[in-house]
Number of protein chains: 2
Amino acid sequence: MRVTIADVARRARVSKATVSRVLNNRGEVDAATAIRVREVIAATGYTPSAGAVGLATGRTRTIGILVPDLASPWTAAVLQGVADVLEEHGYGLLVSTTHRGPDALTRFARRVSGKSFDASLLVEPPDQPSYLAELHASGLPIAVVDDRREHPGFACVVADHRAGAGAAARHLLAAGRTRPLVLATGGTRCARERDAGFAEAFTAAGHRVTHRVLPAATRESGATTTADALAAGATFDSVFAHADLPALGALDALRAAGRRVPEDVAVVGFDDSDLATHADPPLTTVRRPARSVGEAAARMLLANLEGNPFPTDPVVVPTELVVRTSA
Amino acid sequence: MRVTIADVARRARVSKATVSRVLNNRGEVDAATAIRVREVIAATGYTPSAGAVGLATGRTRTIGILVPDLASPWTAAVLQGVADVLEEHGYGLLVSTTHRGPDALTRFARRVSGKSFDASLLVEPPDQPSYLAELHASGLPIAVVDDRREHPGFACVVADHRAGAGAAARHLLAAGRTRPLVLATGGTRCARERDAGFAEAFTAAGHRVTHRVLPAATRESGATTTADALAAGATFDSVFAHADLPALGALDALRAAGRRVPEDVAVVGFDDSDLATHADPPLTTVRRPARSVGEAAARMLLANLEGNPFPTDPVVVPTELVVRTSA
DNA sequence: ATGAAAGCGCTAACAT
DNA sequence: ATGTTAGCGCTTTCAT
């Protein structure tokens with residue numbers, strides 16, 4: 001049988017209430033009694049039942065996180081940041097995934113109303129306003145990690161895409177590059193931020209940027225788009241891709257065309273994935289601080305649970321230009 | 001206020017017991033009553049409190065997983081597999097990490113004895129026999145994912161390194177390669193399996209393999225070890241690396257030495273990481289089925305919870321040779 | 001087929 | 001400073 005608080009109370013010749021008090025350092029307890037109780041606890045290896053504590057207090061010391069999937073480096077790193085902070089504060093992390101379809105969302109909502117956790121964190125949640133609204137209405141503290149910043153009304157943590165793109169631009173400018181080709185990804189909010197941050201710096205310096213939108217954020221589309229630009233006679237001395245994969249593609253196309261990187265054309269990516277380190281040449285890129293984003297989000301949630309209201313504006317985590325060889 | 005089972009009972013004009021029966025399809029309930037109860041449930045949006053159910057039944061429908069860290073592609077993929085299976089069966093996943101030091105282990109043990117979950121899964125747990133024994137003694141169903149296979153006494157899921165290495169060897173042999181250079185990683189169990197599987201095939205064919213142990217499973221060590229072998233006059237027509245990163249290093253050294261891949265030397269890696277796809281040339285490699293391993297482990301745990309005993313031998317998940325360009 | 005009541009293991013008023 | 005007493009929201013005998 002498991003040892004319960006009643007067992008401890010009996011063996012220490014006190015009431016359950018007293019045991020509870022020493023357990024939680026609450027209320028006044030005689031020093032000697034406390035010691036005795038602690039001894040019994042140690043001797044029996046007693047650990048409070050999480051479920052019972054949760055039922056009695058209404059708090060589970062667990063937070064729920066909903067991520068698109070676990071295998072992508074970005075979400076995995078965010079998760080790591082969240083887990084670190086929560087662990088440090090003695091909170092548990094209950095993970096759910098949306099990648100198996102919309103049922104997952106329902107199930108998550110179920111857990112929310114089942115009070116499986118005290119707060120929850122949504123990482124790039126799918127746009128299903130009904131569920132989101134429902135979650136919001138549940139009264140549970142909710143924070144969102146979403147660079148698309150598409151969920152007003154929720155406390156939010158985002159990476160600073162604009163500043164990152166700006167840093168990339170200034171790095172290129174400092175190296176004397178004046179005619180960049182931008183390989184942009186779709187029309188998400190963060191893509192617009194990157195465009196804005198990059199273009200801003202170049203136009204401020206009196207230069208124009210050539211802008212292409214990629215059909216997909218893949219290596220292939222990066223390659224063909226770059227090759228097309230080359231074939232169309234576009235003159236550019238640098239490439240800024242909205243992701244590392246297309247940057248790799250640009251590298252391919254450039255090599256195929258006999259352009260040297262970075263001598264003839266400098267290339268900058270975005271994300272700082274593993275691939276960037278191992279690219280040939282190693283890719284200069286803007287690091288998306290997944291880990292820090294996760295940490296910030298977790299801290300925000302924890303602060304909220306302690307009574308501090310959520311910040312009204314998105315928390316912006318700085319990005320960082322990682323200079324390697326390609327630019 | 002949250003709606004409780006008592007609220008539902010009142011509105012449906014039945015007792016809590018009946019609502020509970022309807023909820024769990026247990027015992028005989030009049031069809032009409034059941035319908036009425038379900039209507040009230042739907043109307044009120046009632047969801048049972050997970051904590052209360054847990055307290056009453058002694059089961060939380062949650063399993064705990066302990067991983068070294070969340071950011072590595074291998075553990076992330078295992079986790080994904082686990083999450084998929086659990087989600088499908090309505091189980092929750094509580095994640096802990098050991099990467100912040102040994103406290104994490106203590107905390108995990110605490111949750112175990114706090115009955116936060118029904119079973120737990122250890123992914124490549126650190127060798128701290130005391131804690132492991134303690135966990136084992138807790139009576140909680142525990143499974144281990146650990147290719148090192150170093151924890152006898154625990155139910156275990158592993159990838160078939162030996163067969164994977166064998167497949168790599170046969171692929172090389174079929175291509176007429178007869179003098180392979182093996183770039184081995186440290187003395188773990190799985191490294192020995194790979195060595196054995198690979199050597200077996202080559203010696204059976206009457207060929208000898210050159211064997212080097214890498215100081216580390218990095219790209220650099222793969223490169224220098226290969227370069228050294230070349231400089232030492234070793235003649236080899238193929239390289240089998242125990243991981244993708246050193247295989248990439250071999251590619252580097254080979255290129256630097258003017259050897260063409262795969263014409264002069266074929267290269268095979270192990271893991272099938274992202275890097276393999278994007279290597280130049282794309283790397284032929286043995287896929288470690290992280291996802292399937294996670295799924296198998298989760299299924300094993302679930303089966304155990306339903307009363308089936310754990311298999312006594314490790315569950316072996318097949319690996320797969322992914323043929324690309326390098327071999 | 002359904003209800004009443006006890007109890008899961010804890011916390012939190014309220015007494016003393 | 002400590003004990004008593006109610007719950008928290010559910011499941012589960014045991015009656016009826």
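Only heavy atoms go into these numbers, but all of them, side chains included; no hydrogens, no water, no symmetry mates. Note on naming: letters A, B, ... go to the chains in the order of the sequence lines (proteins, then strands), and numbering restarts at 1 for each one.
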K.L.:
Salt-bridge test for B/R288 and B/D147: reply yes if a basic N is under 4.0 Å from a carboxylate O, no otherwise.
P.N.:
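So B/R288 pairs with B/D147 through a salt bridge.
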K.L.:
Do any side-chain nitrogens or oxygens of A/S15 fall under 4.0 Å of OP1 or OP2 in D/dG3?
P.N.:
yes
K.L.:
Identify which nucleotide among D/dT2, C/dA1, C/dT11 has an atom closest to any side-chain atom of A/K16, counting heavy atoms from C-beta outward.
P.N.:
C/dT11
K.L.:
Are B/T33 and C/dT2 close enough that a side-chain N or O sits under 4.0 Å from OP1 or OP2?
P.N.:
yes
K.L.:
What is the distance, rounded to the nearest whole Å, between atom CZ of B/R59 and atom C1' of D/dT12?
P.N.:
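B/R59 atom CZ is separated from D/dT12 atom C1' by 16 Å.
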K.L.:
Roughly how many Å is it from CZ in A/R21 to C1' in C/dT11, rounded to a whole number?
P.N.:
10 Å
K.L.:
Please check if atom CZ in A/R110 has more than 12 non-hydrogen atoms from other residues, nucleotides or ligands closer than 6.0 Å.
P.N.:
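Not buried by this count: 12 neighbours or fewer within 6.0 Å.
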K.L.:
Of the nucleotides D/dC14, C/dG9, D/dC10, which one has an atom closest to the side chain of A/A56?
P.N.:
C/dG9
K.L.:
Take B/A52 and B/V29, find for each the nucleotide of DNA chain C with the closest heavy atom, and name the residue whose nucleotide sits nearer the 5' end.
P.N.:
B/V29
K.L.:
Side chain of B/E28: nearest nucleotide among C/dA13, C/dC10, C/dA1?
P.N.:
C/dA1
K.L.:
Taking the basic N atoms (NZ, or NE/NH1/NH2) and the acidic carboxylate oxygens, is any pair closer than 4.0 Å for B/R107 and A/E87?
P.N.:
no
K.L.:
Name the closest nucleotide to the B/A17 side chain, picking from C/dG3, C/dT11, D/dT11.
P.N.:
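The listed nucleotide nearest to B/A17's side chain is C/dG3.
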K.L.:
C/dC10, D/dG9, D/dT11: which one has an atom nearest the side-chain heavy atoms of A/I5?
P.N.:
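The nucleotide sitting nearest to the side chain is C/dC10.
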K.L.:
Please determine if a side-chain N or O atom of A/S20 lies less than 4.0 Å away from the OP1 or OP2 oxygen of C/dT11.
P.N.:
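Indeed, a polar side-chain atom of A/S20 lies that close.
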K.L.:
Tell me the interatomic distance from A/L55, atom CG, to D/dG7, atom C1', rounded to whole angstroms.
P.N.:
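From A/L55 CG to D/dG7 C1': 9 Å.
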K.L.:
Taking it one step at a time, do B/S49 and B/T4 satisfy side-chain contact (heavy atoms from CB on, under 4.5 Å)?
P.N.:
CA-CA 8 Å; B/S49 147; B/T4 73; over 6 Å; no
K.L.:
Can a side chain N or O of A/R26 be found less than 4.0 Å away from OP1 or OP2 on C/dT11?
P.N.:
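Checking C/dT11 against A/R26, no side-chain N or O comes under 4.0 Å of OP1 or OP2.
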K.L.:
How close or far is atom P of D/dA1 from atom CZ of A/R36, stated in whole angstroms?
P.N.:
15 Å
K.L.:
D/dC8 P sits how many Å from B/R2 CZ, rounded?
P.N.:
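From B/R2 CZ to D/dC8 P: 12 Å.
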K.L.:
Would you say B/T18 reaches C/dG3's phosphate, i.e. side-chain N/O to OP1/OP2 under 4.0 Å?
P.N.:
yes
K.L.:
Whole-Å distance between C/dG9 P and A/R10 CZ?
P.N.:
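Going from CZ in A/R10 over to P in C/dG9 covers 11 Å.
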K.L.:
Give B/R13 one of three labels, base, sugar-phosphate or nothing, depending on what nucleic acid heavy atoms sit under 4.0 Å from its own.
P.N.:
sugar-phosphate
K.L.:
Is B/S49 near enough to D/dC8 that one of its side-chain N or O atoms lies under 4.0 angstrom from OP1 or OP2?
P.N.:
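Checking B/S49 against D/dC8: no side-chain N or O falls below 4.0 Å of OP1 or OP2.
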K.L.:
Side chain of A/D30 only, please: which of D/dA1, D/dT11, D/dC14 is the nearest?
P.N.:
D/dA1
K.L.:
As a test of understanding, state which of A/L86, A/V82, A/L301 forms a side-chain contact (heavy atoms from CB on, under 4.5 Å) with A/Y91.
P.N.:
A/L86
K.L.:
Please determine which of A/V144, A/L105, A/L121, A/I142 meets the side-chain contact (heavy atoms from CB on, under 4.5 Å) test together with A/L66.
P.N.:
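Only one option passes, and that is A/L105.
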K.L.:
Nearest-Å distance, CG (B/N25) to P (D/dT11)?
P.N.:
12 Å
K.L.:
Please report, rounded to the nearest Å, how far the C1' atom of D/dG9 is from the CG atom of B/D7.
P.N.:
10 Å
